[in-house]
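Since the structure comes first, as structure tokens, the remarks are kept for the end.
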Amino acid sequence: MNRIITLFAGAALALTAALPASAKEFRLGLITPPPHIWTKAAEAFGAELAEASGGAHSVTVFPARQLGNEAEMLQQLQTGALDMAFMTVAEVSNRAPDFGALYAPYLANDIAHAGRILRSDTARGMLDQLPAQVGVVGTGYGMAGLRQIVSRGSVASASDLSGLKLRITPFEPILDFYNAVGAAPTPMPLPSVYDALANGQVDAIDMDAELIWVLKYYEHADTVVQSDHMMFPMVGLVSARIWGGLSEEDRALIGEMMARHVDGTIDSYVEKEQGWLDQIKDTGRTYTKVDESFFGDAVTAWNDIWSKRSTSLDALRAVAEQTAQ
Ligand code: BEZ
């Protein structure tokens with residue numbers, strides 16, 4: 001059990017007998033569609049919180065960007081208009097650049113290693129800066145799969161990515177990576193990706209195995225490059241304004257429970273990632289597995305940029321070394 005969950009857990013256990021002082025109807029937003037692992041984790045968190053509070057608290061989950069994109073939801077969290085969110089760390093890194101270190105290319109050797117890095121005290125300690133810097137409380141990390149490349153045309157080497165309009169999640173670390181590769185990175189939120197690839201608005205996309213398979217992005221592509229070039233962390237957030245108004249007991253209960261449910265997504269991806277990749281491979285697309293050397297100097301170029309922007313990069317590298325197996 002990781003540090004934050006342990007800290008919250010002691011206090012939470014003590015209060016299961018005591019019902020919360022004031023009932024709350026929380027709203028939790030996220031951008032992923034209803035069948036997505038993050039959305040299911042949010043719903044499970046809400047159901048458990050309702051049960052543990054004897055029905056006093058409830059959580060209504062708003063998936064698929066119903067409350068706006070992540071930038072908008074983060075703003076709502078800051079003002080207290082939204083209570084909670086399960087959000088990409090990508091969006092958080094737009095406000096707190098230190099989190100960019102979590103996107104160091106090839107920081108993680110594989111999906112299980114990514115999980116170990118995210119469960120480290122170093123990664124968790126980074127969440128401490130969120131209340132003062134962003135106005136939110138980070139209860140813990142979850143994640144999605146490692147990042148892969150899906151292309152309408154052939155990609156035999158990194159030079160084939162040169163000038164390609166390649167969809168990225170809108171955040172700086174991935175923009176810097178594909179600029180270093182020589183592609184034409186095109187920031188685009190998740191819901192626009194399927195149509196953009198289908199109608200040729202973009203030539204390629206940066207995506208994880210779950211969504212390549214479940215949302216059928218491969219249908220409009222000839223090539224899948226399993227590059228595993230970055231991890232893709234998620235964070236469970238509570239508005240700092242809302243948090244400040246909660247009793248100590250409720251903070252402990254909600255903090256422990258949310259941290260446990262977002263953490264559970266790590267186990268889901270570790271378990272399921274290879275199965276999705278195998279199914280994608282079986283679709284008959286040209287499928288290549290590449291490593292860091294595929295990207296030439298781009299990884300070094302990224303490291304040069306981000307060693308100046310994130311103070312946590314060296315510490316995370318040390319953790320990555322300690323937790324590699
Ligand atoms: C994406 O932007 O690619 C993405 C966002 C949330 C979950 C998974 C992927």
Side-chain angles (χ1 to χ4, degrees), residues 28-43 61-74 84-94 99-100 102-103 105 108 111 114-115 118 138 141-151 165-178 183 185-198 201-218 220-221 224-237 261-266 268-270 272-273 276-277 280:
L28 188 158
L30 67 177
I31 61 167
T32 49
H36 192 270
I37 285 172
W38 296 5
T39 312
K40 295 240 176 285
E43 283 163 354
V61 175
F62 295 88
R65 270 201 339 167
Q66 284 176 44
L67 301 179
N69 62 31
E70 287 196 328
E72 290 161 341
M73 281 195 280
L74 197 48
M84 300 167 171
F86 286 5
M87 190 170 281
T88 66
V89 172
E91 183 57 45
V92 173
S93 77
N94 288 331
F99 286 84
L102 292 167
Y103 298 95
I111 189 93
L118 290 173
Y141 293 107
M143 72 177 183
L146 299 178
R147 303 306 285 188
Q148 323 295 354
I149 300 169
V150 176
S151 167
K165 273 184 285 161
L166 193 152
R167 176 271 166 176
I168 56 165
T169 308
F171 73 113
E172 292 280 323
I174 194 81
L175 184 75
D176 290 334
F177 179 68
Y178 281 111
T186 309
M188 183 179 287
L190 193 57
S192 313
V193 175
Y194 186 90
D195 287 347
L197 189 63
Q201 190 189 337
V202 292
D203 306 305
I205 62 172
D206 180 278
M207 190 52 67
D208 63 64
E210 177 190 19
L211 293 180
I212 296 169
W213 175 246
V214 175
L215 298 185
K216 299 190 188 326
Y217 292 128
Y218 62 84
H220 298 285
V224 177
V225 180
Q226 185 193 334
S227 48
D228 296 329
H229 53 274
M230 268 179 200
M231 57 183 185
F232 203 73
M234 174 264 269
V235 60
L237 298 176
H261 281 280
V262 292
D263 181 85
T265 66
I266 295 177
S268 298
Y269 284 95
V270 170
K272 294 182 172 169
E273 178 97 333
W276 289 315
L277 291 169
I280 294 164

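In listed order, ligands and their atoms are each counted from 1. Along the sequence shown, residues are numbered consecutively beginning with 1. Any value given below was found using the heavy atoms of this structure, including those in side chains, with hydrogens, waters and symmetry copies removed. Note that the structure is predicted; figures quoted are calculated from it, not measured.
- A donor atom on one side chain and an acceptor atom on the other are not found under 3.5 Å apart for His229 and Gln148.
- Using a 4.0 Å heavy-atom cutoff, Arg147 is listed among the residues neighbouring ligand 1.
- At the shortest separation from atom 1 (C) of ligand 1 among protein heavy atoms lies Thr169 OG1, 3.2 Å.
- Applying the ring-ring contact (aromatic ring centres under 6.0 Å, His included) rule to Phe99 yields no partners; only residues at least two apart in sequence or on another chain are considered.
- Between the side chains of Thr88 and Glu70, at least one donor-acceptor pair of N or O atoms lies under 3.5 Å.
- Side chain of Tyr141 to backbone of Asp263: no donor-acceptor contact under 3.5 angstrom is found.
- At the shortest separation from atom 8 (C) of ligand 1 among protein heavy atoms lies Asp208 OD2, 3.5 Å.
- Only the side chain of Leu211 comes within contact range of ligand 1, with a heavy atom under 4.0 Å; no backbone atom does.
- Electrostatic pairing of Arg167 and Asp206 does not count as a salt bridge here, judged by no charged N lying under 4.0 Å from a carboxylate O.
- Of all atoms in ligand 1, numbered sequentially from 1 with element shown, those under 4.0 Å from a heavy atom of Thr88 are 5 (C), 6 (C).
- Under 4.0 Å from ligand 1, not a single heavy atom of Glu210 appears.
- A parallel orientation is assigned to the rings of Trp213 and Tyr218, their planes being inclined by less than 30° (bins at 30° and 60°).
- Ring planes of Phe232 and Trp38: parallel class, angle under 30° (limits at 30 and 60°).
- Near Met207, meaning under 4.0 Å from one of its heavy atoms, ligand 1 places the atoms 3 (O).
- Using a 4.0 Å heavy-atom cutoff, Arg167 is listed among the residues neighbouring ligand 1.
- Of the protein's heavy atoms, Phe232 CE2, 3.6 Å lies nearest to atom 4 (C) of ligand 1.
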